[in-house]
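See below for the structure under consideration.
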Amino acid sequence: MEDHQIVQLYWDRDEAAIPATEAKYGSYCRAIAGNILSDRRDAEECVNETWLNTWNAIPPHRPRILATFLGKITRNLSFNRYKHNRAAKRGGGQTEAVLDELAECVSGAPGAESPEHALDARELAAEIDAFLRGLPEEKRIMFLSRYWYADRVGDIAARMGTSEHRVSVILSRLRANLKGYLSERGWEV
Amino acid sequence: MTREELFEAIGEVDEALVEETRAARERAEQAPADAGAEARARRKHRRRSRAPVVAGVILAACVAAAIAIPAVRSVLHGNGSAGTVTEGAVPEEAPVVTSGEGADAGDAADNAAGGAALTEAADEAADRAADAAASGSAEQAAALYDAEAEDEALAGAPLFELNGCLYEAADDPETLMRFGLPAQITADMGGEHIAWLRQAEGSGYEPAVSQEDASAELLAYAPAPCRGVYVLHDGDRYLAAIFCNFSFTQLADTNASVELTELFRVYGVEGAEDIALVCETGRDRNEQTGEAVTDPGGIAFLYEELTVRDSYGNDDFQTAVFGGIPEEEQPAAHAAFADDMRMLRIETADGLRFYLEYYPSYGWLYGQGTLSWYWAEGRLASWLNERFG
């Protein structure tokens, strides 16, 4: 089923929207949740919550790219669950490794939020957008595979037909570049 | 800003960028082998770095060698053709290649030649960008973050293959100097005829059937005839054709390796007396750092030690160095390994230069021309550490 047809099911409040979404994007969302959360049950719960959240979000939303819309919901739900689990001293998937890498770009204490958190996230995302658009496609895909999708370095390497070492080194350089880029633009990193 | 905030902000980037990545993931998951080849094919349209290949790869486990090798060749030669020049060539024998065990699906050759060449140039570009940003030069940093500028940094010279060796052509003074050549290649440096070439589709050269079919001629480098460098006469231009590494067609499996003796022979080095000096350089292989080793005794020791080293293929090397490290610690381990690298330059009596990478904290050497690893234990490690700090 085409994405626009699935979206129309939501708008028509046709419950067939959810199984249609599950059939097409279930594996995709499970992969995202599984990357962030090591517990399979937690990941499955986040995926199920994704369908519910999507049902509640469409309408009024009419996503331009359904896959990314769903993926973002799953990512956010999964990361929230990760933070909850971390507080309860339960394990995560790749997330801790990903966060440790991103820690190279920032100086704030883990777990603490800046006072202007809600506002800065959007502005910061816009800056990161511009940074990513300046990258060659391959590097942009590597960066987002690791830090949006939380894919394992080995999986990224295999998928892109290159070596883990190369991916690791490129990601390391990209983190340094991002830190410098944000610093130059007045962000306190 | 915290790492969690950064992670969340990354989650808010433009959906079009996320979709681009999703599509790439999907293509790879639907056809893993094709995706690997597709990635390499995308790289073939990039102009190659001038730098010869750089070390240190972990095998990608899911690409069959049978697919990797042809794809590697298509990347390197830019048009999917072999581009192998054999006619009229100096009748040198192909190097002895040791085939190791474990021909797993992996593409160390492709990664090293294609990917790592990009990595080195990309690393250099990223280093300069990071340094510029840290020094507060906003304009410089902005320029260095420019995608076109980075692509330019990755730009390479045309490649071709001759008798089992891969070459790149260069005429810029910086590259020429790096390999011990004059700042400009001129007609009088061209010696005996080696082969006729023509432009390949995209970039690079391929063999020409005859002079009538040719757009370029390969000549021996008269000041130092050897396989390490030739003169490429293309139209009214004279370029140096510089040895990169042994052709991957001869590395039939991903654990193949080549003895350092073969690398020395490429540059006409048959004994220690053919070496003028050994020194350390910066990672960019430009400026010498520290004292060079010029005493005959020291050079003889190093030559003797290097030429008796067993060579290791990438599989064995990766197992030895990274095999016992948990998966989640692998990225940091690889980055630490890469950061440990020291560049050693070997300069021949004829002035030609080639390079080895030394990883002192790990005790490994890597031949940029052999794409193979060498365990530098015992006396050799002590000597290297003593001479190069």
Side-chain angles (χ1 to χ4, degrees), chain A residues 64-65 67-68 71-72 75-76 79 97-99 101-103 105-106 108-114 117 121-122 124-125 128-129 132 134-136 138 140-141 144-145 147-149 153-154 157-166 168-173 176-177 180-181 183-184 187-189, chain B residues 1-22 24-25 28-29 32 35-40 42 56-63 107-108 110-111 115-116 119 122-123 126 129-130 133-134 138 141 145-147 150-151 327-328 330-331 334-335 338:
Chain A
R64 193 167 58 88
I65 305 175
T68 307
K72 193 169 161 181
R75 186 182 190 272
N76 290 343
F79 191 53
V98 168
L99 292 175
E101 290 172 21
L102 290 178
C105 304
V106 301
E113 282 191 355
S114 307
H117 170 74
R122 291 291 171 92
L124 182 56
I128 297 170
D129 256 355
L132 291 173
L135 297 178
E138 182 188 49
R140 184 166 56 241
I141 290 174
L144 289 173
S145 293
Y147 302 117
W148 200 100
Y149 285 97
V153 171
R159 193 180 300 140
M160 302 188 77
T162 186
S163 69
E164 288 191 40
H165 178 79
R166 177 167 179 262
S168 293
V169 173
I170 288 178
L171 289 174
S172 175
R173 301 301 180 189
N177 286 358
Y181 184 89
S183 178
E184 278 295 313
W187 291 86
E188 286 192 19
V189 293
Chain B
M1 186 190 306
T2 68
R3 58 183 195 166
E4 287 83 2
E5 288 171 335
L6 182 56
F7 182 81
E8 289 175 335
I10 290 171
E12 298 295 324
V13 298
D14 190 318
E15 59 183 5
L17 301 183
V18 179
E19 171 62 13
E20 176 188 54
T21 302
R22 188 203 66 80
R25 292 166 89 247
E29 285 157 13
E38 179 186 335
R40 286 187 287 274
R42 281 202 298 275
V57 294
I58 289 183
L59 296 177
C62 70
V63 180
D107 53 352
D110 170 61
N111 290 332
T119 298
D123 287 351
Y145 286 120
D146 175 63
E150 184 163 294
D151 280 346
E327 187 175 345
E328 62 271 17
Q330 292 273 344
H334 294 136

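Residue numbers start from 1 in every chain, and the chains themselves are labelled A, B, ... in the order their sequence lines are given, proteins ahead of strands.
Expressed to the nearest 0.5 Å, how far CZ of R159(A) lies from CZ of R25(B) amounts to 4.5 Å. The distance from the CG atom of L124(A) to the CD1 atom of I10(B) is 8.0 Å, given to the nearest 0.5 Å. Atom CG of N76(A) is separated from atom CD of E8(B) by 7.5 Å, given to the nearest 0.5 angstrom. To the nearest 0.5 angstrom, I128(A) atom CD1 is 12.5 Å from D14(B) atom CG. Atom SG of C105(A) is separated from atom CE of M1(B) by 9.0 Å, given to the nearest 0.5 angstrom. From H334(B), atom NE2 reaches atom CZ of R166(A) across 14.5 Å, with rounding to the nearest 0.5 Å.
Every residue meeting the side-chain hydrogen bond (donor to acceptor under 3.5 Å, both in side chains) condition with R22(B), not counting sequence neighbours, appears here in chain and number order: E19(B), E26(B). By the side-chain hydrogen bond (donor to acceptor under 3.5 Å, both in side chains) test, Y149(A) is found to be paired with Y28(A), residues two or more places apart in sequence or in another chain being considered.
Counting heavy-atom pairs under 4.5 Å between each of G154(A), G71(A), A67(A) and chain B puts A67(A) at the top. Of the listed residues (V98(A), L99(A), L171(A)), the one with the most heavy-atom contacts under 4.5 Å to chain B is L99(A).
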**OP:** Please lay out, stage by stage, how I141(A) and E20(B) fare under the test side chain to side chain contact (heavy atoms under 4.5 Å, CB included).
**Re:** CA-CA 7 Å; I141(A) 290 174; E20(B) 176 188 54; 4.3 Å; yes

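The shortest heavy-atom contact between G11(B) and R75(A) is CA-NH1, 3.0 Å. Residues A125(A) and A9(B) come closest through the heavy atom pair CB-O, 3.4 Å.
Salt-bridge annotation for E101(A) and R3(B): absent, with no side-chain N of the basic residue lying under 4.0 Å from a carboxylate O of the acidic one.
Screening T21(B), L17(B), V18(B) against L132(A) for a side chain to side chain contact (heavy atoms under 4.5 Å, CB included) leaves a single residue, L17(B).
Interface remark: R140(A) contributes backbone and side-chain atoms alike to the contact with chain B (heavy atom separation under 4.5 Å). Residue F79(A) touches chain B through its side chain alone, counting heavy-atom pairs closer than 4.5 Å.
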